[in-house]
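Below, read A as the first sequence line, B as the second, and so on, with proteins coming before strands; counting in each chain starts at 1. Just so it is clear, the model here is predicted, and its values are computed rather than measured. Heavy atoms only: backbone and side chains are in, while hydrogens, waters and symmetry mates are out.
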Amino acid sequence: MIGGFGGSGGQPTRLMLALSKKKLKGLTIIGNVAGISETTGYGWPKNIKPVDQGIFFRTGIADKIICSFPVPASQNPKSPIENFWHNNKNSVEIIPQGTLIEKIRCAGAGIPAFYTSTGVGTIIENNKETKFINNKKYILEYALSADYALIRASVADENGNLQFRGTSRAFNPAMATAAKITIVEVDEIVKAGSLDPNNIHTLGIHVNRIIKRRKNDIYP
Amino acid sequence: MIGGFGGSGGQPTRLMLALSKKKLKGLTIIGNVAGISETTGYGWPKNIKPVDQGIFFRTGIADKIICSFPVPASQNPKSPIENFWHNNKNSVEIIPQGTLIEKIRCAGAGIPAFYTSTGVGTIIENNKETKFINNKKYILEYALSADYALIRASVADENGNLQFRGTSRAFNPAMATAAKITIVEVDEIVKAGSLDPNNIHTLGIHVNRIIKRRKNDIYP
Amino acid sequence: MRYHSDPAERLNKKQIAKYATKFLKNNSIINLGIGIPSLCAQYITDPTILLHAENGVYGFNKFANEKNINPDYMDAGGNFLETNKNMVFFDSVESFNLIRGGHIDTTILGAFQVSKNGDIANWMIPKRGIGSIGGAMDLCANTKNVIVTMEHTTKLNEPKIVEKCEFPLTAVNCVNKIVTDVGVFEINYNSIILKECAPGWDVLSIQNITGVKVKCDKKIVFMDIDNV
Amino acid sequence: MRYHSDPAERLNKKQIAKYATKFLKNNSIINLGIGIPSLCAQYITDPTILLHAENGVYGFNKFANEKNINPDYMDAGGNFLETNKNMVFFDSVESFNLIRGGHIDTTILGAFQVSKNGDIANWMIPKRGIGSIGGAMDLCANTKNVIVTMEHTTKLNEPKIVEKCEFPLTAVNCVNKIVTDVGVFEINYNSIILKECAPGWDVLSIQNITGVKVKCDKKIVFMDIDNV
């Protein structure tokens with residue numbers, strides 16, 4: 001799992017760059033908006049060359065993606081994930097965003113499946129169990145977990161408690177609960193007890209490793 | 001719905017007292033720990049006479065309760081809810097706490113039903129739909145909403161955004177999302193923009209009315 | 001924009017966006033899709049209307065000045081936001097609780113096709129074969145009031161309001177209102193009802209570029225595009 | 001406490017609680033039920049062990065001094081807490097996400113009955129007809145390591161470790177370990193395995209007050225109650 005929403009804010013860019021250099025094969029990537037920044041600049045300041053989840057498909061270490069937004073509206077130029085999809089049509093799974101985040105949340109919350117009206121009457125419903133509840137049709141969706149979550153936070157304390165700024169929270173907290181190992185990239189690490197205990201966005205018990213970024217990293 | 005957890009912290013005591021004096025009949029009360037403080041002192045400072053959800057059954061305005069903890073461990077003296085139960089055995093619905101809070105959360109989150117392993121093999125499973133998922137048995141549980149939520153917060157801003165202190169958060173935020181009308185009892189109301197926008201525990205769009213308590217109210 | 005058979009100019013994208021804001025109620029919370037809908041933001045002057053974005057914010061009203069951007073303040077379209085005192089931030093779980101839970105009053109989005117029973121197709125062009133769903137399916141399936149803003153026809157002047165969508169659906173039976181560059185339509189009881197015409201347009205000219213039989217109110221009003 | 005046929009004193013509640021803490025691993029997160037389990041807190045000296053309470057807190061370690069209580073800092077048993085720098089607060093949704101999601105390592109709770117397949121009954125006495133479930137069903141059904149602390153028998157010296165629970169169940173097939181006032185037991189493959197005896201107790205005396213056939217390790221160890 002790769003945290004954030006898409007765009008530069010909340011994305012664990014340094015962890016992604018490090019991962020992309022590893023000699024690995026066959027990774028499944030789970031993300032939200034995925035692989036569109038490089039071609040469109042989506043969510044990146046204009047003066048910085050974007051990094052996005054397309055990197056795992058350009059370098060070939062990934063062979064599957066589960067996401068909600070893998071291609072830009074414009075058909076040209078083609079993004080790395082669209083190029084990958086052409087030869088691997090069953091390896092790009094596109095899920096409605098609310099269903100995707102709830103599937104991830106449920107994996108962390110011990111809920112194996114839930115019903116939602118999102119996708120009823122569309123191809124999302126194909127081959128899925130449905131049920132009428134109070135005369136309305138719903139689709140049964142299952143929890144989605146991962147071996148690793150790479151996430152990005154603003155600040156961590158020594159106990160691994162995390163806080164996020166603004167819209168950079170997004171998918172990060174839910175992913176932290178849904179992976180066996182959660183690795184977080186932060187701007188700052190502070191002493192235990194220095195964050196307000198009422199305002200911890202991700203509890204430290206979900207965090208396994210913390211990587212502190214250099215000050216003034218070229219990536220936001 | 002009555003917010004808090006049980007005990008004095010996070011309980012909308014002033015709203016409960018006001019409600020108990022209304023000429024109403026047939027209310028259904030939804031709460032967690034309910035009606036045990038008066039007999040046991042549960043969660044109340046020793047020097048203050050406890051108020052709890054038993055009040056609605058002593059005065060007779062309620063005729064049903066849905067909760068997780070309606071009676072104290074000790075059998076004597078009997079609590080108002082145990083007395084009510086003796087003549088109304090089908091009107092006291094006892095639900096596992098995690099299932100109760102998730103049912104309420106789902107009502108606010110547009111999820112009509114979810115699966116949980118809690119209660120499998122117990123009387124909670126009786127007459128419920130079950131399903132094996134990855135070879136494990138789960139119970140299907142349905143969302144639970146209400147007409148009104150009475151909740152208690154520490155501070156509200158002018159937009160209705162709420163913050164809670166310590167363990168007084170409990171059931172309050174979920175209930176605020178699951179009721180048609182949410183009324184909140186707060187210690188303090190501050191200007192819009194004076195709370196940290198990253199640390200709002202209940203979004204203002206869930207709050208319909210705010211009642212400010214007097215300073216130094218006799219109830220905590 | 002004007003095709004040779006058009007009786008008058010069609011509205012431009014900004015005019016469509018501006019006109020759509022006429023249908024927003026005060027004290028409501030609104031989600032704007034990408035494309036024409038995102039242009040609506042600049043025409044919303046009522047301070048009680050709160051804009052919501054899927055990535056975890058509501059209460060914003062302006063994009064940030066390009067010299068003063070911060071990646072931590074973005075909308076779902078990837079635009080950077082100026083902060084203000086009414087903004088609140090939350091995570092994606094809560095953001096979609098708001099959507100799925102019916103707490104968003106109105107969503108405005110674009111479409112490739114809308115059918116007379118209110119089905120909408122807006123996420124994939126079949127000949128491309130891949131598209132992005134994002135939050136569109138959640139928004140369409142769960143928001144009380146769904147307004148589509150779009151050009152009335154394709155570039156080849158083919159109808160986009162149709163009997164039955166041929167493109168893959170985003171959601172069924174959900175669209176309440178359509179604001180196009182030639183008129184305003186409501187969908188009611190499996191019918192497309194023309195409520196307002198663009199200046200210079202009439203029922204017949206609109207019928208000619210619409211894929212379904214258009215019903216009318218007794219008296220058609222012209223869109224008052226200058227006074228929204 | 002000693003019944004006339006007992007070979008030695010049974011442990012008192014504090015000793016049971018203290019002994020149970022021997023089985024807690026460092027860097028783990030623990031939920032303590034009411035009764036004997038809540039007494040465990042005072043014997044946990046490892047600072048890496050975090051206590052969790054259902055009402056939305058972990059990281060606490062002490063009850064507040066009676067003169068200095070604040071209703072905003074409470075555990076699920078209704079006790080007021082002293083604050084410290086490792087405490088974190090959250091709402092009930094998140095608290096039960098932790099429990100149901102398997103993020104709590106160990107739960108210690110009391111029981112009326114435990115059966116040899118690990119079923120537990122701890123929420124209702126049938127003749128009373130009503131009881132409180134609270135968080136017990138969630139904790140038992142979802143925690144990796146469930147430790148029961150209880151007196152070995154009822155006040156009438158009847159077994160509480162039984163073939164099959166007669167009391168309404170809290171959860172099935174979940175108990176891993178039982179610490180009583182006469183011994184320590186593990187439940188494995190549908191068997192009750194005696195691991196340690198209270199000082200002065202032996203297998204036969206324990207078997208006499210247990211409702212199922214007790215299996216033993218080759219060598220029974222005495223509980224070292226002074227050095228936990």
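Looking only at heavy-atom pairs under 4.5 Å with chain D, the residue among B:Gln75, B:Arg105, B:Glu102 that has the most is B:Gln75. Counting heavy-atom pairs closer than 4.5 Å to chain B, the top-ranked of the candidates D:Ser95, D:Ala136, D:Ala171, D:Gly129 is D:Gly129. Ranked by heavy-atom pairs under 4.5 Å with chain B, the list D:Asn55, D:Asp91, D:Ile130, D:Val172 is led by D:Ile130. Across D:Leu169, D:Ile34, D:Asp138, D:Thr170, the residue that shares the most heavy-atom pairs under 4.5 angstrom with chain B is D:Asp138. When each of D:Gly78, D:Gly134, D:Gly135, D:Ala141 is scored by its heavy-atom pairs under 4.5 Å with chain B, the top score falls to D:Gly134. Ranking D:Asn142, D:Ile99, D:Leu139, D:Val57 against chain B, the residue ahead of the rest is D:Asn142, based on heavy-atom pairs under 4.5 Å.
Counted by atom type alone, D:Ser92 and B:Asn32 present zero donor-acceptor pairs between their side chains at under 3.5 Å.
Contact residues of residues 58-77 of chain D toward chain B are D:Glu66, D:Ile69, D:Pro71, D:Asp72, D:Tyr73, D:Met74, D:Asp75, D:Ala76, D:Gly77 (heavy-atom distance under 4.5 Å). Residues of residues 78-91 of chain B lying under 4.5 angstrom from chain D, judged on non-hydrogen atoms, are B:Glu82, B:Trp85 in numerical order.
With D:Arg100 contributing its side chain and B:Thr118 its backbone, the two residues share no donor-acceptor pair below 3.5 Å. Side chain of B:Ser68 to backbone of D:Ile133: no donor-acceptor contact under 3.5 angstrom is found.
In this structure, the portions of B:Pro70 lying under 4.5 Å from any heavy atom of chain D include both its backbone and its side chain. Contacts between B:Phe5 and chain D at a heavy-atom distance below 4.5 Å involve the side chain alone, from C-beta outward. Heavy atoms closer than 4.5 Å to chain D are found in the side chain of B:Ile124, but not in its backbone. Heavy atoms closer than 4.5 Å to chain D are found nowhere in B:Ala34, neither backbone nor side chain. At a 4.5 Å heavy-atom cutoff, B:Val33 makes no contact with chain D through either its backbone or its side chain. Looking at B:Thr99, both its backbone and its side chain come within 4.5 Å of chain D, counting heavy atoms on both sides.
In this structure, B:Thr167 OG1 and D:Met87 CE are separated by 7.5 Å, a value rounded to the nearest 0.5 Å.
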